[in-house]
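Here's the structure we're looking at; comments come further down.
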Protein chains: 2
Amino acid sequence: MQQYSRDNMAELLRSHDINPTHQRIEIAYALFSRQQHLSADQIMAIVNDRHSETSKATVYNTLNLFLEKKLIREVIVDPNKVFYDPNTQLHHHFYNVTSGELTDIDAEGVTICGLPQLPEGVITEGVDIIVRIRPGATAQAQEQLA
Amino acid sequence: MQQYSRDNMAELLRSHDINPTHQRIEIAYALFSRQQHLSADQIMAIVNDRHSETSKATVYNTLNLFLEKKLIREVIVDPNKVFYDPNTQLHHHFYNVTSGELTDIDAEGVTICGLPQLPEGVITEGVDIIVRIRPGATAQAQEQLA
DNA sequence: ACTCTGAATTAGACAGAGTCCAGATTTTGG
DNA sequence: CCAAAATCTGGACTCTGTCTAATTCAGAGT
Ligand SMILES: [Mn+2]
Ligand SMILES: [Mn+2]
Ligand SMILES: [Zn+2]
Ligand SMILES: [Zn+2]
């Protein structure tokens, strides 16, 4: 899929067994056209930018439906809010603790060695790596000059 | 330190530049004697088990003070609450998504290869690995029999 | 022992994220 | 066009966590 338009959002939703309503298309379009990690709050603001279209309940219902249907994934790094991620490929994250910004790390080529055996009777659901970063000494010094 | 008693909690607090008050000692003792990952809520319940001793405000104030003084660390895996971890060694976690249980993974011997270069002007604050697990097919089958 | 003072604690109001519900609206399909 | 099913909505509610102003506490100095 080259470009994300509201039109191919409907196809995308159908392909994940989701009935494409107006509100669902808008929410999907907010996430997929930007390809960014957004909180429910941010999505609400985007979708209701021009004129109020979608209620808080619908935003949350829709995001939870998208999660359930595995159209998007969630990223838990901030104790105050969940980030929703349109990228469902296996990948990891840089998390800038100062700005709150999340950046993808392609899982291609990243390997983890030496993890212990799993406890008895459980299976792995996924492995997340979060690299917490913050502006470094150099960057701070440069800001001082400005 | 072999055993954790309320007495050596006072020393521990002092060694981290924290004035050891009654409430602070109780909260530290709850975490260190159990060596478990606990939420603020759970700590509140433990500390006030017999008779009410410590207010909600003090529990949160104290946990944030402990964090600031690097006596404990926090673990962000559950969207609904923060877990407080008395283990400040470098380590990772198994997270049982079904039960909510957290288990330590010693960082000794675990290595990550192939992470990309850091973005310009930032430094690493830490790298967290979270292995999400859940009861497996076998375990479920065994439960069926019971 | 008594007093003074800064540190710590407290109850309760408050804020933000997210869920729930019962009623209204929209869509479907016969 | 109509009834049934699906979806959406405002607003009440819950939960985690913070804030504030008033109170209590500890301990140093007398
Ligand atoms: Mn919070
Ligand atoms: Mn929550
Ligand atoms: Zn991502
Ligand atoms: Zn731990």
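As a basis for the values below, the full set of heavy atoms in this structure was taken, side chains included, without hydrogen atoms, waters or symmetry mates. Proteins come first, then strands; the chains are lettered A, B, ... in the order of their sequence lines, and each starts at number 1. Since we're looking at a predicted model, the values are computed, not measured.
- The distance between atom CE of B:M44 and atom P of D:dT18, rounded to the nearest whole Å, is 14 Å.
- At the phosphate of D:dT18, neither OP1 nor OP2 sits under 4.0 Å from any side-chain N or O atom of B:Y60.
- Nucleic acid contact for B:T21: sugar-phosphate only, since backbone atoms but no base atoms lie under 4.0 Å from a heavy atom of the residue.
- Under the 3.5 Å distance criterion, the side-chain polar atoms of A:R24 are left unmatched by any main-chain donor or acceptor of A:P20.
- Rounding to the nearest 0.5 Å gives a distance of 5.0 Å between CG of A:D78 and CG of A:N80.
- Spacing between atom CG of B:N80 and atom P of D:dC15 amounts to 11 Å, rounded to whole angstrom units.
- Contacts of A:D78 with the nucleic acid, taken as non-hydrogen atoms under 4.0 Å apart, are absent.
- Here C:dA8 presents its P atom at 15 Å from CG of B:N64, a figure rounded to the nearest Å.
- Taking atom CG of residue A:L65 and atom C1' of nucleotide D:dA6, one finds them 12 Å apart after rounding to whole Å.
- Atom pair A:E26:CD and D:dT9:C1' shows a separation of 17 Å (rounding to whole Å applied).
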Please tabulate, for the side chains in residues 66-75 of chain A, all donor-acceptor contacts under 3.5 angstrom to protein atoms that are two or more places apart in sequence or on a different chain.
from  : atom 1 : to    : atom 2 : distance (Å)
A:R73 : NH1    : A:H91 : O      : 3.4

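- Atom CG of A:N19 is separated from atom P of D:dA4 by 20 Å (rounded to the nearest Å).
- Screening residues 22-46 of chain B for ring pair (Phe, Tyr, Trp, His ring centres under 6.0 Å), with sequence neighbours left out, gives B:Y4-B:F32, B:H37-B:H93.
- Atom C1' of nucleotide C:dA7 and atom CZ of B:R14 are separated by 16 Å, given to the nearest angstrom.
- Between the P atom of D:dG17 and the CD atom of B:Q42 lies a distance of 11 Å, rounded to the nearest Å.
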Which pairs, protein N/O on one side and nucleotides 20-22 of chain D N/O on the other, fall under 3.5 Å?
none

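- Note on A:S55: a side-chain N or O is less than 4.0 Å away from OP1 or OP2 of D:dT9.
- No N or O donor and acceptor, one from the side chain of A:K56 and one from the base of D:dG10, sit under 3.5 Å apart.
- Within the 4.0 angstrom heavy-atom criterion, only backbone atoms of the sugar-phosphate kind lie near B:T54; the bases stay farther away.
- For the pair A:K81 and A:D41, the salt-bridge criterion is not met [side-chain N within less than 4.0 Å of a carboxylate O].
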